[in-house]
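These notes concern the structure reproduced below.
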Amino acid sequence: MRTSRIAGVILILLFANISAAVAQDTWSLQRCVDYALQHNLTIKQQEVQKRLSDLTLQQSRLQMIPGFSGQAQGGYSDGRTPSLGNNQYVNQTVFSGSGSLNMQSNLFSWFYQQRTIAANRLDVQANSFLLEKARNDAAFNVATAFLQILLNIQTVKVNEENVKLTNSNLENTKKLVIAGSVPESNQADLEAQLAQDSTNLVTAQNNVILSILQIKAYLNLGFEIPFEPEVPENITSLPLAPLQEMAPEMVYSAALTTYPLVKADELKIRSAAKAYQATKSQLYPNLSLGGTLYTTYANNYYDQTGKLLPFKDQIDNTYRKSIGLTLNVPIFNGWQQRTTVAKAKVNVYNLELTRDLDHQKLKQDIYTAHANAVAALQKFNAAVTGVMAAQKAYDFATKRFNLGLMNTIDYITTQSKLYKAQVDKVTAQYDYIFKMKLLEFYRDQKISL
């Protein structure tokens, strides 16, 4: 028992030293949210997805520009080869080279490129809303973790008061034992209770540390960096909308206009519809324009007199150019393109189902959050009544215990009921705040403390 008390005191002092070390740098909820928006890894991932969709759109636009390519070729051969100019076969070593410039441009493809660009543009807009959703979710997760820290801090305070109370009762009992007014077993019972209360305090303090580690993960903040939350002076003064103004249908109607995922789903459907139209257009012929410039040089190019033609003359003599139109008519390719079109159509339907599922889940979440908020308020009101009743019972028990009219076990039981009622009240209060903030988040897509 004594070892447990010593261990409890050491941990309490350790926690106190940690608190003193981090007190120099406090973090408000707003600071936490701002930091998360800059460093959260989930947000960074969504930013990458947004950037990829931007690049895809840029690439589809650039495909409207005619394509140009250049080619240079050089070669070496040794043996009997025809001599250019007189076409006689002789043993010789030949160095040759050629160069060409090619151009290819799509003239008409049943609006395939325009529809592809439109689909990619809508996809960029959808990813913008998904990025907004990632930021909103990160802010909400940070706020939730911040509230959990505040709850755990309040729980520590309740446990500290409980330890002080038990310790005070123990000191009074020691005096009564010395005076012979109460048996020594009363002192032993209170010492055991003090050890249990100290253990509860250490557990509560450790919960604060764990909740701080949780918010650091959301912030992508180094675990070794000090973090001291800025605790509001009075948690009950936090602005909360009246519960009657948070009817689930009203919140759901508002969420349909503010929830980024709803907007992203609609844009994804429109993008898939454009992609479907673009895929259908590839079933029809397309017309393209092509052109080529070409010339060559070889060291076995002789004129009729047997003299090697100069480089410039060879370039001029072999220079040629061509231009042509190509009409590509799809006839049969194993139904590959028609299968691609069918898949694109099914994809549109699948995204519509995804939208409907997201709407259904959003509505269910809102109704669940509202029901939980109602229950949380009822629990909090009951907890307030419970604390008042437990406090009154404890006050009466204290008077009876001091007069020797109540044994230690019954007195400790009364004190434990008061402690539990106080913890239940704090928990219920923060739970109600969280449930209301969740409804506010669904309605406005923002959260504040």
Side-chain angles (χ1 to χ4, degrees), residues 15 18-44 46-47 131-158 204-243 245-246 251 254-255 258-260 365-366 369 372-373 376-377 380 423 425-449:
F15 184 82
I18 294 174
S19 299
V22 301
Q24 300 174 352
D25 188 21
T26 60
W27 288 73
S28 65
L29 173 61
Q30 189 59 52
R31 180 184 177 187
C32 291
V33 170
D34 292 342
Y35 191 92
L37 294 180
Q38 294 294 324
H39 301 88
N40 181 267
L41 294 179
T42 302
I43 294 177
K44 289 183 178 295
Q46 193 56 50
E47 287 174 344
L131 177 57
E132 181 182 346
K133 178 182 181 298
R135 289 171 174 166
N136 291 349
D137 289 347
F140 179 76
N141 289 335
V142 167
T144 301
F146 196 85
L147 271 174
Q148 187 63 48
I149 293 174
L150 298 184
L151 169 59
N152 291 339
I153 289 175
Q154 292 299 319
T155 305
V156 167
K157 292 180 179 179
V158 172
Q205 291 169 336
N206 187 59
N207 287 337
V208 173
I209 296 175
L210 294 178
S211 57
I212 288 176
L213 293 177
Q214 179 64 62
I215 200 171
K216 283 184 175 181
Y218 286 133
L219 299 178
N220 192 25
L221 182 68
F223 294 114
E224 75 286 353
I225 297 176
F227 183 94
E228 175 70 14
E230 185 179 292
V231 182
E233 293 183 1
N234 187 3
I235 193 69
T236 60
S237 64
L238 291 178
L240 292 176
L243 187 57
E245 295 182 6
M246 288 293 183
V251 175
T258 60
Y259 197 41
D365 290 344
I366 289 173
N372 289 336
L377 179 59
F380 174 67
V423 172
K425 177 186 174 182
V426 172
T427 304
Q429 183 178 32
Y430 276 84
D431 186 52
Y432 175 63
I433 292 172
F434 168 75
K435 296 300 191 305
M436 291 302 299
K437 290 298 180 180
L438 178 59
L439 284 172
E440 291 180 11
F441 177 75
Y442 281 126
R443 185 187 63 181
D444 306 325
Q445 282 300 293
K446 61 182 179 180
I447 190 167
S448 61
L449 294 181

Excluding sequence neighbours, so at least two apart, what forms side chain to side chain donor-acceptor pair (under 3.5 Å) with [X]?
{"X": "N136", "result": "Q445"}
{"X": "K133", "result": "D137"}
{"X": "D444", "result": "none"}

List in chain and number order the residues that pass side chain to side chain contact (heavy atoms under 4.5 Å, CB included) with [X], two or more places apart in sequence or in another chain; answer none if no residue qualifies.
{"X": "F434", "answer": "F140, T144, L147"}
{"X": "A139", "answer": "V33"}
{"X": "D365", "answer": "K361, Y442"}
{"X": "D34", "answer": "Q30"}

Inter-residue atom distance [X].[atom1] - [Y].[atom2], 0.5 Å rounding:
{"X": "L221", "Y": "N40", "atom1": "CG", "atom2": "CG", "value": "12.0 Å"}
{"X": "I149", "Y": "E228", "atom1": "CD1", "atom2": "CD", "value": "9.5 Å"}
{"X": "L210", "Y": "Q148", "atom1": "CG", "atom2": "CD", "value": "10.0 Å"}
{"X": "I215", "Y": "F227", "atom1": "CD1", "atom2": "CZ", "value": "4.0 Å"}
{"X": "K44", "Y": "T42", "atom1": "NZ", "atom2": "OG1", "value": "11.5 Å"}
{"X": "I212", "Y": "I153", "atom1": "CD1", "atom2": "CD1", "value": "6.5 Å"}

Which atom names give the shortest non-hydrogen contact between [X] and [Y], and what distance separates them?
{"X": "K425", "Y": "F380", "result": "O-CD1, 3.9 Å"}
{"X": "A217", "Y": "F223", "result": "N-CE2, 4.2 Å"}
{"X": "L439", "Y": "I366", "result": "CD2-O, 3.9 Å"}
{"X": "D431", "Y": "A376", "result": "OD2-CB, 3.5 Å"}
{"X": "N372", "Y": "K435", "result": "CB-CE, 3.4 Å"}
{"X": "L243", "Y": "A373", "result": "CD1-CB, 4.0 Å"}

Quick one: salt bridge (Lys or Arg N to Asp or Glu O under 4.0 Å) partners of E47, sequence neighbours excluded? R135

What about the rings of W27 and F146, do their centers lie closer together than 6.0 Å? no

Would you call N220 and Y35 a side-chain contact if the rule is heavy atoms closer than 4.5 Å?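 Sidechains of Y35 and N220: no contact.
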
Is there side-chain contact between T155 and N207, with heavy atoms separated by less than 4.5 Å?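 Sidechains of N207 and T155: no contact.
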
According to side chain to side chain donor-acceptor pair (under 3.5 Å), does anything in residues 208-218 pair up with another residue at least two apart or in another chain? List the pairs. N152-S211

